[in-house]
Amino acid sequence: MQLFRRSLNHLPLALVVGVGGLGAALTVGIWYYFSPRNLQVGYTPKQPIPYSHKLHVGELGLDCRYCHSNVERSPEAMIPPTQTCMGCHAVVRPDSPRLAALRDSWKSGNPVPWVRVHKLPEHAYFDHSVHLPAGVGCATCHGRIDQMDEVRLEMPLAMGWCLECHRDPGPHLRPQTELTNMSWKRDEASTVLAAVSVAAAGVRPPEHCTGCHR
Amino acid sequence: MSAVHPIGGPIAGPIAEIGETRLLPAHLTPALVSEQVTSVTERPARWGWWLYFGISLLFLGVLAVSVSYLFWEGIGVWGNNSPIAWAWDITNFVWWIGIGHAGTLISAILFLFRQRWRTSINRFAEAMTIFAVICALLFPLIHVGRPWHIYYTLPLPNQMGMWPNFKSPLLWDVFAVGTYFTVSLLFWYVGLIPDLATARDRARSLFRKRVYGFAALGWRGSHRHWRHYERAYLILAGLSTPLVLSVHSVVSFDFATSVIPGWHSTIFPPYFVAGAVFSGFAMVMTLMLIARQVFGLKDMMTLQHLELMNKIMLVTGSLVGFAYATEFFVAMYSGNEYERYAFTNRATGPYWWAYWIMLSCNVLSPQLFWFKRWRTSLPVMFVVSILINIGMWFERFVIIVTSLHRDYLPSSWGYFRPTLVDVGCFLGSLGLFFTLFALFIRWVPQIAMFEVKAILPGAQPNQHRHRVERHEPGHHAPPALASREA
Amino acid sequence: MTNDRVFWRSLEAKAQPEQARERATGSDVVKQSIDAPGLIRLRRRQFLSLSGAISALVGIGCSIRRPVEKIMPYTEMPADVTVGVPSHYASVLTRRGEALGVVVQSSEGRPTKVEGNPEHPGSAGGTDLQAQAALLDLYDSERARTPTLQGAPRTYAEVDAVLAELAGQLAASGGAGLRVLSEPSLSPTFVRLRAALAAKLPNAVFHTYAPVSDSNERAGTQLAFGRPLLVQHRLAGAQVIVALDSDFLMTETGSVEAARGFANGRHMDSAAGKQPNRLYAVEPTLSVTGSNADHRLSLPAQSIAAYAKALAAALVGQGISLGALDSELGRPELAGVASPWTLAVARDLAEHRGASLVIAGSRQPAAVHALAHAMNSALGNVGRTVVYVTPVDAEEPLHFPDIASLARDMAAGKVQTLLVLGGNPVLDAPADVQFKEALAKVPLSLCLSGWRHETGELCTWHVPQAHALESWGDQVSRIGAYSVQQPLISPLFKGRSDTSLLAALLAPAASAVSERDPYLLVKATAAMHGADDERRWQRLLQRGVGPRNVSQITLGGLSLQTAAIQSALRALPEAAQLGLDSLEVVFLADNKLLDGRHANNAWLQELPDPITRITWDNAALIAPSTAQALGVASGDMLRLTSSDARSIEIVAWVQPGQAPGSIGLPLGWGRKRGGKHALGAGFDVYPLRTSGAPHFTAGVKLAKLGTRYPLSQTQEHDVMEGRPIALDATLDAYREHPNFGQRGSPDPSPPPLWKTQDYSQGPQWGMAIDLNRCVGCSACVIACQSENNIPVVGKDQVARGRAMAWLRIDRYYVGDDADQPEVAFQPVSCQHCEQAPCENVCPVNATSHSPEGLNDIAYNRCIGTRYCMNNCPYKVRRFNFLNNNLDIPETQKMVHNPDVTLRFRGVVEKCTYCVQRIQSSKIAAKREGRELKDGDVVTACQQACPAEAITFGDIRDATSAVSRAREVDRNYALLAEVGTRPRTRFLGKVRNPNPEMVG
Amino acid sequence: MTSASAVSTRPVLLLAEFETPDAIIGAAEHVRNAGYQKWDVHTPYPVHGMDAAMGLSDSRLGWIVLACGLSGLLAAVSMMQWMNGHDYPLVIGGKPPAAYASMVPIMFELTVLIAAFGATFGMLGLNQIPRHHHPVFYSERFEACSNDKFFISIEAEDAQFDPNATRAFLEGLTPSYLELVEEAEPSPAGHPASRAEGMR
């Protein structure tokens, strides 16, 4: 007796197409959606004080190192102490309501609870002070901070992404003079490039485990 | 020599093949075969089955509990320590893998060697293989410290840009065991298709018909299909044969490629394979004796089948014994103090008992089979097969634990004691195995009916016609004798 | 060489083989319940990780980064802090009678590592294990947090009020009824204040007591020279050393300096013709010093005096006259002691006049010390190998009579007010003075201590004592080097220091702050020691040690009081007859806990004892022969009953090298109060100790209780099985075969089957460990634990073979006499093999080789197959069987080194050659645009080692220290024949036996 | 099943049942000689000599498997060489990152794996199964085929097929049973009815 409809004879085709398609979709889906590129890039938390890099860096032209003063001598670039902010804001807009939290911190001595944007996992040890001399600019990893009102994660701070540069640093390096220059563009023709590539020759970033994991 | 003639016929040709003596009783007809085999799955289960299934489920529960606890707390709930970083976990893994060898061996190698008697037991053995390999796979999965990262062992693209280390024998294992499981499964299912069709056609209820029908993939016994089918079966057999040998060789590399005295040994691959076949046959024997008793399949699993298997066990058992002796000889002859100590320590050290259990179970007990009287006695062979299963477990325990517990630096010597969770995981894996097996014997034709039918007296066209066709192109022997003459 | 020697498998194997198997299997070393530890319960951390996982899943799609992480910047930047870069401060810790100058690393204001101060004479850059473990004491969450009155929490304001009131009353009464009990102090400020207080309160009485002290040493000098002096040995210059029951390398005062000197005197640099020193040790129990001796004689402690006399007599025989004493000495031999032990040793000493040294241990009575001084001066050693120093606290009384008198007065009700400044008399005062009962009779008692321990609990008031790293203070080292103890962190629990308490009594709240503020008080003292202006003061703080005050050192010109010594020698009691029913017990300063003050330190608790390898316990050490005669096996519970019917119960441990008839009892265990680690670890032996015989006593009876007690060891097998592991050779053998190391452990170096890795570029890290310098003190082990955040797993897990130490010191017994074993120490950590077996087998590439020759491991890649552990021939890889970082108290988390990842369960870990230090040095060099130079990278173990046994650096640079060390002819690679090509090399040990005493 | 419905039906195949292997093999030869193309033999187990009887050529499956096996091998080699040797070369035990020796086992395993897939799915492909719906299943009698009966089916599609002539021809082969399997024209109702008319 006939147990199944004729239509079931399309099963093999359906299987091939269905399973194959589903598999492909899943692969692509995971590949894209589960990647730090998707999960982390774009993270823009609300900060306790609406500090605008766009204003301070982009327009007022503060140098990064004015606030992140450790960047050349410590693994951590350091979030500036309230002190640093007050250095100006004691006189500049001393009573702007947007700075209330800052003034409270200054009075109470309690730190301003900034929200971390650029976070590496505990087992990854990144050192700012060694990347600068090598010619890695701020913008290379942090993006155009000078155009951000709120700090936003620009790059997927993932191992694979780090490795891209560690394997071939040359194209990512810039002259020491341009480290904090946000708008610096790599111009193949330029003369400084020669200098860079020379410098790059001396740069041998680690690719082995303990280069970054301890 | 003539490969093909009625099975009951006289022994032809110079070589008296084991398979050529009368295996199956004369009264057996194709219809009877279908009846006897399929009816097992059609009748309501006996209370005996329910009891057996219930107990199996109970142990499966033990497995669930043990493994959950293990995942919750960490490997520390086992007895493993430093220096004995591997203990029962890998012992069980190797033991199960070994057991998983008989199935494919019987299906593939005996098939290529045209041992027709295999037809009665290969389905059974293949099923056992698959379930054993499932149990084996369980242990590598749960023995790692961070099972949720186990996928690191697969070559998957990831944001870390990291790849597995293809130099690691453990990774070879992943591929070997994975391949072995997949191929065995395909082999098994391909073999099942025609019998599922039989089950479909015999079924009464529409539901059963639909289920078996779906599984049978619309098999309609077309000879145009048989033609490719046999070729596929032959090729799968051809592929499985080296595969079987490779799997346990690769497993043995885990040890052979290391630097640990007692592991670092070139004899391991053949020795492990022999041991695997040995234990596999023992397990098949144990199960067959039960099944044949419970389901009255005495016609197809005849005493002669059992005797033939016992002979194989006698051979492989002696091979294993020989391997033990060789190991000792090489260790002593090498003059390497570490090797020497490792082996003396096995026999006389803290784990002497394990060593002697292994030796008596694996080497001594099969020697009974030199005598036809015991080779053909059901109780004896049942006991011996159980003993061998135990002995082979201890073999792996001896190799792994006693080699590890005293290696190079005496300062780091230690001792291993199992915990309840160790025991739970082992018994649990037995539970898993027998649960799967219970379901198998209940729902799947446990004997390759179409193969048996094909070798029944008068199942094939008579000699005269056959001789005519011999020389014609495109001739195919039936699976039982499927090696083309030329 | 070692491997020609006869070995015994382990003690019982020598005695009864079948028991040996039991032991070897460890089956009765620890009783393990078969069931798994703990029940399923949602622990905090697990819950967090769980919820973390869940929230992560929830977060997928938007952002995996949940929960939000906060950054807390400073509000005001401290001057000397660079966020992310640790700073270092010099300070000083007390270790028994000696100041130990240290340099403490501080990461964002919390101390994270203690190192020796190279400038400081007491340390010379090395440390001991207690100093390394000091951090864990500092961060111990169980330290007392608030003052208490009869156990009820009080505020410091109330304490101050009480003190002020008390000060008033005392001022009125001239201190009538006031007693102050303090520990022996090296602090000029403390002594100064105490003197001032004494002057102000003439009726007050001051007492000093410590259960383990140099009291006998003072008594000895008092007896010998008529004035209390401290003895300072200069071991580097000593060719022949005789240690009379003195563990100067481990538990005696000044062990760090001693280890350095001893190692220098022993150092063999190839066949440079330099003669290594020779150490004779005569002692009742196998000590670390005894383990390093070329000849060791185990004698009951009570017979040491007789031996000293016999030795002196033999010296006289050698023409070294002790003047009037000669008649006192009797015959130059001792019953039951082979004659060379007096005659040959005396000859050896005599042949090295001015370059020999006789050291009497602090357990021995004054007379023995005096005799030692007499011998040293007769041998012309004074001023050369031994100098005498005026102590800081000249008034320090003899401890045991002193505590006894105090207790007597307390019991008699003569004491109205008792201040206990540090110490724990209720626990450790001699049993016969019944301090506890006496304390109950004191109306007002105040105890200052870090923990609310036995004494703190019974005193009316208990005030938390600030840790040395929390409070201002100062100390003068033995040779008169003044150093300031500057706090690294403000007191976590607002504790007070003893000085501040004295000051409070001395100066009423009204008086000037300069008289009350410890900082100013110390500064004032410093001024008296040369730092009299701000610049000098700053410099003092920076260097951590001021200019030496040589005036304190007496190079000689001391006249021996022979008459006094004579009578003292006469007064020496006859050695009692020892037998199975009349045993001797010797009270030992514990190798790890000393007198018990470090009992709540988990690092020290889990550290295997250098000799017994037992963790988390002490035990009664019994000689194999005695044990056999008594039918006692390791692990048996015993009752020891002294002649005056005091008794304790303790587990037995059969210890090779223990003097037959004598039982060693380590002090400071079995605490009843003072933290969860202290409780239940080991057995309290103080109840057996009396003021009459505080160091050893005979006539003790031993009874088996018939029960057994589980002991956890990290090493259960005592011998090398004739394998070439910790290689050694006698001096002659070494002269004959300078490369005995490679002969013993040859490197087959077979032709490679493949193109081998090129290690010619960049720095190539390597290590050399000189077994000839290593004394086995285990400081490196704790240093490693502190530097690398190595977790503690507890007694049960250790028993299951899961100790986590990356660096272990293997201890092997060598030789054929169970009662007189030779000992070989060998520190083993990851050997960083160039052809590492562990790397090949890791399926996920979690461990691989760096271009600089390091065997890297990436914890976060590890899935925990443990295959690498199996395949490591050195068994140096450790696995986190359980989550070892679970439930760490908040305060204790501060001890973690921020530069090293905490490992989660299921992950393998091991020595990395302190790769975090390598990286930071490399980065520093890059930042400064220079090349790394030799010595830039110092591993934690190397830095801690007092004997400088470990060298580390770039083996590519032929001039580097490590390259030179690895070129020393004694060098060999451990298990070279396995073909692993280790980067760590060992330098074989050279023993220097006296030819007259060999065979 | 016989449905007496009015729906128009068309013959799909003729089904002849035989009792013994010799009978079926003989019958098969006749059908072949009669020059039928779209016909088939159904047996409970492979009857050998049937290929010749039906004049079938050799199976091409072997070539498929060979191709699969080789691609498996190639995949293994290239994967391992690229991952360990090229993309992220790490120093493992002092050995060269791209070492062939250590890659042999996995080369072998992948070869076998892919080849096995080739064999199984190649077979299914060549046989065009799974095909759950087939006209022969209309016949009640056909269920015996998987037990112990042998059948010959000639499809209506066949050029030579003529309901009467073919039936006559089959009768000539003395089958134990003969049946015309008919099937309803595919109707919107979907499930086609069928009429099988038995005769002896």
Of the non-hydrogen atoms in B/Ser411 and C/Gln715, which two are nearest, and what is the gap between them? O-CG, 3.5 Å

Please state whether the side chain, the backbone, both or neither of B/Asn80 comes within less than 4.5 Å of a heavy atom of chain C. both

What part of C/Arg808 gets within 4.5 angstrom of chain B, counting heavy atoms only: side chain, backbone, both, or neither? side chain

Between B/Asp173 and chain C, with a heavy-atom cut-off of 4.5 Å, which part of the residue counts as in contact: side chain, backbone, both or neither? neither

Nearest 0.5 angstrom please: B/Asn165 CG to C/Glu839 CD, how far? 9.0 Å

Portion of C/Pro873 that has a non-hydrogen atom of chain B nearer than 4.5 angstrom: both

Using every non-hydrogen atom in the two residues, find where B/Asp407 and C/Cys872 come nearest and quote the distance to one decimal. OD2-O, 4.0 Å

Counting distance only, does the side-chain N/O of C/Asn840 pair as donor-acceptor with the main-chain N or O of B/Lys167 below 3.5 Å? no

Would you find a donor on one side and an acceptor on the other, under 3.5 Å apart, between the side chain of B/Tyr338 and the backbone of C/Arg723? no

With a 6.0 Å cut-off on the ring centroids, do B/Trp86 and C/Tyr867 count as close? yes

Between B/Trp148 and chain C, which part of the residue has a heavy atom less than 4.5 Å away: side chain, backbone, both or neither? side chain

Looking at every heavy atom in both C/Val844 and B/Met162, which two are closest together, and how far apart are they? O-CE, 4.1 Å

Under 4.5 Å from any heavy atom of chain B - which part of C/Thr714: backbone

Shortest non-hydrogen contact from C/Asn870 toward B/Ala85: OD1-CB, 3.1 Å

Note: B/Leu170 and C/Pro843 closest approach over all heavy atoms is CD2-CG, 3.9 Å

Should B/His264 and C/Val978 count as side-chain neighbours, where that means a heavy-atom distance under 4.5 Å? no

State, to 0.1 Å, how close C/Arg905 and B/Gly74 come at their nearest heavy-atom pair, and which atoms those are. NH1-CA, 3.4 Å

Donor-acceptor list for residues 138-146 of chain B side chains, cut-off 3.5 Å, not counting sequence neighbours:
from     : atom 1 : to       : atom 2 : distance (Å)
B/His143 : ND1    : B/Pro140 : O      : 2.9
B/His143 : NE2    : C/Thr865 : O      : 3.3
B/Arg146 : NE     : C/Cys862 : O      : 2.9
B/Arg146 : NH2    : C/Asn860 : O      : 2.8
B/Arg146 : NH2    : C/Cys862 : O      : 2.8

Taking side chain as everything from C-beta outward and backbone as N, CA, C, O, which of these in B/Ser412 sits under 4.5 Å from a heavy atom of chain C? Side chain, backbone, both or neither. side chain

Under 4.5 Å to a heavy atom of chain C? For B/Phe255 that would be backbone

Give a yes or no on whether the backbone of B/Gly76 and the side-chain of C/Arg802 come within a donor-acceptor separation of less than 3.5 Å. yes

Interatomic distance, B/Ile75 atom CD1 to C/Arg866 atom CZ [nearest 0.5 angstrom]: 5.0 Å

Mark yes or no for whether C/Asn871, through its side chain, and B/Ser258, through its backbone, hold a donor-acceptor pair below 3.5 Å. no

When rounded to the nearest 0.5 angstrom, what is the spacing between OG1 in B/Thr419 and CZ in C/Arg800? 7.5 Å

